[in-house]
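For clarity, every value in this text was computed on a predicted model and none was experimentally measured.
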Amino acid sequence: MRAVVQHRPGGPDVLRLVETLRPVPGPTEILVRVHAAGVNPADWKIRSRGVFSTGARTPFTPGFDVSGVVEAVGPGVTVFRPGDEVFGMPRFPHPAGAYADYVTAPARHFAHRPRRLDHVHAAAVPLAALTAWQALVDTADVRPGQRVLVHAAAGGVGHFAVQIAKSRGAHVIGTARGANHAFLRTLGADELVDHTRQDFAETVQDVDVVLDTVGGTYWARSLRTLRPGGTLVSVLPLDETFPAEQARAAGVHAVFVLVEPDLAGLRGIAGLIDDGRLRVEVAAVLPLEEAAAAHELGEAGRTRGKIVLSVA
């Protein structure tokens, strides 16, 4: 089978397409014939800097988001059978090897592919949508009438977060470049701030929940938008630069969320998609052999929605 591998950290040029052996599913695992693989910031961070390096020893095959068809099942698997169409984010944060013709992973790291989506769009969903789901539903418990501020609202996580918050009955405010405001309005955003022209901390107030995918100066500025008792959920680790004393003084709860495989979350997300309440934005589709170009495009930081590799 074909697989993209890297033997050392570095730029996109370290990604190489090779022929290798097809994996065999072990107990509780399934073998999935990959039709498409999503490309995420985690992919190029691991490629270049060795993030989660204990689980990414070289050589390895990058990629976490998978959509495909079950080819075989290992001993003990009862939730899927060969021929089932599935999507998921297996093994995260350990390498799942999604940039390949086949992957094996625990069966319950997958769910049935949403009926409304083809494989390309389904592959764009798991990591980004689960991040938004686990931040807003499981962690912040967003409720009707709450005000939710989503940073980088047109990005992979952001565009899902806007829609998930709206599905929970929230009033959603997003930060994004002005060119993306019309798009975000179609997703249900109620208020928008062009972060290239305005400081959101000067215009947004009385927020119940902030979802931050940016970090840096956004942390301190986001605290100024929150009501006492509000929640800041960051998908970036709250390191020594986070203004912890300021958060305590404001009575704000701050938490770091690292996404994890989640069958219940995948099923909830698939339900929103099939109900027509969650739209998937794909910025670009490239063939597997152009994985390096996909990373270059993603690292440029100007894409709206997700980048996907077409595998089969």
Side-chain angles (χ1 to χ4, degrees), residues 38-42 44-45 121 124-125 127-129 131-133 135-136 140 142 145-227 230-236 241 272-273 276-286 293-308:
V39 178
N40 293 285
W44 57 76
K45 290 177 182 177
H121 285 79
V125 173
L127 193 151
T131 298
W133 181 277
L136 298 177
V142 170
Q146 288 190 318
R147 290 167 56 82
V148 176
L149 173 60
V150 177
H151 290 309
V157 173
H159 90 288
F160 287 122
V162 167
Q163 298 173 85
I164 290 170
K166 286 301 293 184
S167 77
R168 307 276 290 182
H171 179 95
V172 180
I173 308 155
T175 62
R177 289 180 293 124
N180 287 321
H181 284 195
F183 162 68
L184 289 167
R185 295 242 181 238
T186 69
L187 302 185
D190 298 290
E191 298 179 43
L192 293 161
V193 178
D194 184 345
H195 63 84
T196 68
R197 301 172 64 91
Q198 296 174 278
D199 181 356
F200 66 86
E202 299 296 333
T203 61
V204 179
Q205 296 179 334
D206 296 325
V207 169
D208 296 285
V209 177
V210 174
L211 175 58
D212 179 35
T213 64
V214 181
T217 64
Y218 272 59
W219 282 334
R221 291 155 63 199
S222 293
L223 293 180
R224 292 160 52 192
T225 71
L226 281 160
R227 293 172 173 164
T231 301
L232 169 65
V233 185
S234 174
V235 301
L236 303 170
T241 66
L272 289 179
I273 292 169
R277 293 191 288 165
L278 190 63
R279 169 179 155 190
V280 183
E281 181 76 3
V282 172
V285 183
L286 289 81
H295 277 219
E296 290 175 353
L297 180 60
E299 286 182 285
R302 287 289 183 264
T303 55
R304 187 169 80 186
K306 294 294 297 293
I307 300 167
V308 177

Got a sec, which pairs hit salt bridge (charged side-chain N to carboxylate O under 4.0 Å, His left out) with one end in [range], sequence neighbours left out?
{"range": "residues 146-165", "answer": "Arg147-Glu191"}
{"range": "residues 210-220", "answer": "none"}
{"range": "residues 152-173", "answer": "Asp141-Arg168, Lys166-Asp190"}

Out of curiosity, [X] [atom1] to [Y] [atom2], how far, rounded to the nearest 0.5 Å?
{"X": "Ile164", "Y": "Leu136", "atom1": "CD1", "atom2": "CG", "value": "6.5 Å"}
{"X": "Asp194", "Y": "Asn180", "atom1": "CG", "atom2": "CG", "value": "9.5 Å"}
{"X": "Leu184", "Y": "Ile173", "atom1": "CG", "atom2": "CD1", "value": "13.0 Å"}
{"X": "His171", "Y": "Gln146", "atom1": "NE2", "atom2": "CD", "value": "12.5 Å"}
{"X": "Arg197", "Y": "Arg177", "atom1": "CZ", "atom2": "CZ", "value": "13.5 Å"}
{"X": "Leu278", "Y": "His159", "atom1": "CG", "atom2": "NE2", "value": "7.0 Å"}

Side-chain heavy-atom pair [X], [Y] within 4.5 angstrom cut-off:
{"X": "Val204", "Y": "Arg224", "result": "no"}
{"X": "Trp219", "Y": "Val214", "result": "no"}
{"X": "Leu272", "Y": "Trp133", "result": "yes"}

With distance as the sole test, does [X] use its side chain to make a donor-acceptor pair with the main-chain N or O of [Y] at under 3.5 Å?
{"X": "Glu281", "Y": "Arg304", "result": "no"}
{"X": "His181", "Y": "Ala176", "result": "yes"}
{"X": "His151", "Y": "Tyr218", "result": "no"}
{"X": "Thr225", "Y": "Gln205", "result": "no"}

If you look at every heavy atom in [X] and [Y], which pair is closest and at what distance?
{"X": "Arg227", "Y": "Asp206", "answer": "NE-O, 3.0 Å"}
{"X": "Val150", "Y": "Ala161", "answer": "CG1-CB, 3.9 Å"}
{"X": "Ala201", "Y": "Arg221", "answer": "CB-O, 3.6 Å"}
{"X": "Arg279", "Y": "Phe160", "answer": "O-CE2, 3.9 Å"}
{"X": "Thr131", "Y": "Leu127", "answer": "OG1-O, 2.7 Å"}
{"X": "Ala153", "Y": "Gly174", "answer": "CB-CA, 3.9 Å"}

Is the ring pair Trp44/His295 parallel, tilted or perpendicular, if the boundaries are 30 and 60 degrees?
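Perpendicular.
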Of Thr175, Val209, Leu211, Val172, which meets side-chain contact (heavy atoms from CB on, under 4.5 Å) against Leu149?
->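 Per the side-chain contact (heavy atoms from CB on, under 4.5 Å) rule, the option paired with Leu149 is Thr175, out of Thr175, Val209, Leu211, Val172.
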For this session: Evaluate side chain to side chain contact (heavy atoms under 4.5 Å, CB included) for Lys306 paired with Val39, printing each intermediate quantity in order.
Result: CA-CA 7 Å; Lys306 294 294 297 293; Val39 178; over 6 Å; no
